[in-house]
Amino acid sequence: MASLPLLIEPQQLADQLPLANTLIIDQSKLETYQQHHIPGAVHLDFKRLQLGQKPTPGALPSLEDLSALFSELGLTADTHVIAYDDEGGGWAGRLIWALDMIGHHSYSYLNGGIHAWLKDGLATESGNNLPTASDYSVTQLQPGFALSKEEIVARLGQADFAIWDARSEKEYTGEKVVSARGGHIPGAVNYEWTRGMNPEDGLRINPLDDFRELLNGMGINQDKEIVTHCQTHHRSGFTYLVGKILNFNIKAYAGSWSEWGNDENTPITTGGQP
């Protein structure tokens with residue numbers, strides 16, 4: 001199998017199917033998957049990659065649950081994963097982050113997911129594909145792909161650190177309050193996740209050179225350690241993915257605003273961009 005790029009276009013993938021040692025994971029809504037999916041794709045309910053418990057519902061499940069899930073999906077050390085969804089990359093990006101966290105770094109994101117695939121008129125299939133189970137063991141989570149609340153607090157105000165808030169503008173300013181407190185982490189910059197994809201082009205990621213220039217103007221660039229978050233690290237799955245594609249030193253804050261906004265001891269700022 002030829003090496004697949006991190007960001008793969010629908011036609012690029014279609015030209016190579018079927019691929020050996022490749023696991024195509026669809027995280028669309030189940031009814032969407034059953035109606036039409038990429039040939040050979042298996043379905044993954046995105047909720048299974050979330051802990052789902054307060055105060056950090058967006059954290060990963062236990063090592064045992066992760067081992068069971070990836071064994072059920074048929075992941076092996078030699079498998080290349082192709083991730084996609086039906087929303088432009090939030091859940092797919094979170095899957096890629098989860099793969100980073102378990103130490104599996106052979107993966108691609110299908111640009112635009114099922115929307116781009118359909119827009120390009122490529123063949124689909126319906127129904128359900130059952131994966132061939134494996135025996136995959138997750139023994140530890142890897143450092144270097146996430147920051148904790150405490151680590152972020154320690155980095156606040158440092159020139160080589162940036163926070164990318166992927167929530168809506170009203171959540172960021174504090175006009176819309178979802179946790180006990182509204183607002184944002186001091187110094188964070190806001191670029192709402194769906195602004196980074198093109199609804200006229202099958203939800204593909206915006207042109208990368210333009211995206212890089214825009215982010216650079218916001219202080220998010222290759223010279224900094226960047227952490228990204230939303231409310232539960234779903235929307236910031238997309239921004240984590242973009243950071244990976246742009247070769248940034250990007251990490252995720254899985255606790256996100258669910259943890260930060262519900263902790264009375266964390267600093268908060270309200271209002272517009274810094």
Side-chain angles (χ1 to χ4, degrees), residues 46-66 87 90-91 93-95 97-98 100-102 140-196 215 218-220 224-243 248-274:
F46 48 76
K47 293 177 183 177
R48 297 188 65 188
L49 276 178
Q50 296 177 304
L51 180 62
Q53 299 174 8
K54 296 180 179 180
T56 57
L60 287 172
S62 68
L63 299 181
E64 293 77 15
D65 286 346
L66 287 170
E87 57 162 29
W91 292 121
R94 184 181 166 90
L95 171 59
W97 170 72
D100 277 340
M101 290 293 290
I102 67 172
Q140 62 180 353
L141 297 181
Q142 304 298 311
F145 302 101
L147 290 181
S148 67
K149 175 182 65 178
E150 293 77 16
E151 289 170 324
I152 294 172
V153 168
R155 291 285 268 135
L156 290 180
Q158 297 180 5
D160 61 346
F161 182 61
I163 304 169
W164 183 351
D165 187 328
R167 298 176 300 158
S168 69
E169 182 180 2
K170 288 188 175 181
E171 288 172 275
Y172 174 84
T173 62
E175 295 174 74
K176 180 179 179 180
V177 180
V178 182
S179 293
R181 300 180 298 162
H184 58 268
I185 301 174
V189 294
N190 177 231
Y191 189 77
E192 195 264 339
W193 70 302
T194 59
R195 294 175 63 195
L215 292 171
M218 299 174 65
I220 299 173
K224 298 181 180 180
E225 179 183 45
I226 304 158
V227 68
T228 188
H229 78 89
C230 55
Q231 180 70 21
T232 59
H233 190 37
H234 157 218
R235 292 172 282 180
S236 53
F238 173 78
T239 48
Y240 178 85
L241 172 63
V242 169
F248 289 169
N249 176 18
I250 195 157
K251 298 172 182 176
Y253 172 33
S256 279
W257 197 256
S258 178
E259 180 181 45
W260 195 280
N262 285 314
D263 183 343
E264 62 182 18
N265 296 311
T266 52
I268 283 179
T269 302
T270 56
Q273 301 276 12

Where [X] and [Y] come nearest, the two heavy atoms and their spacing:
| X | Y | result |
| --- | --- | --- |
| Leu60 | Leu49 | CD2-O, 3.7 Å |
| Ile220 | Ala162 | CG1-CB, 4.5 Å |
| Trp257 | His229 | N-ND1, 3.9 Å |

Main-chain N/O of [Y] paired to [X] side chain as donor or acceptor, under 3.5 Å:
| X | Y | result |
| --- | --- | --- |
| Ser258 | Gly255 | no |
| Gln273 | Asn190 | yes |
| Lys224 | Gly219 | yes |
| Thr266 | Trp260 | yes |
| Thr228 | Trp164 | yes |

Using the test ring pair (Phe, Tyr, Trp, His ring centres under 6.0 Å), find all partners of Trp193 that sit at least two apart in sequence or belong to another chain.
His234

With sequence neighbours excluded, what pairs up with Phe145 under the ring pair (Phe, Tyr, Trp, His ring centres under 6.0 Å) test?
His105

Set out, in order, the CA-CA distance, both residues' side-chain angles and the distance that settles side-chain hydrogen bond (donor to acceptor under 3.5 Å, both in side chains) for Glu87 and Thr194, then state yes or no.
CA-CA 9 Å; Glu87 57 162 29; Thr194 59; over 6 Å; no

Quiz question: by atom type and distance under 3.5 Å, do the side chains of Arg167 and Ser256 form a donor-acceptor pair?
no

Can you confirm whether Glu169 is buried at CD, in the sense that more than 12 heavy atoms of other residues, nucleotides or ligands lie under 6.0 Å from that atom?
no

Pairwise side-chain contact, Arg94 with Phe46, heavy-atom cut-off 4.5 Å (strictly under)
no

Apply salt bridge (Lys or Arg N to Asp or Glu O under 4.0 Å) to the pair Arg155 and Asp160, showing each step before the final yes or no.
CA-CA 9 Å; Arg155 291 285 268 135; Asp160 61 346; 2.9 Å; yes

The side-chain contact (heavy atoms from CB on, under 4.5 Å) partner of Ile185 among Asp165, Ile268, Leu156, Val153 is Leu156

For residues His233 and Trp97, establish whether the separation of their ring centroids is below 6.0 Å.
yes

Could you give me the CA-CA distance, side-chain angles and deciding distance for Glu171 and Arg235, then say whether salt bridge (Lys or Arg N to Asp or Glu O under 4.0 Å) is met?
CA-CA 13 Å; Glu171 288 172 275; Arg235 292 172 282 180; 2.7 Å; yes

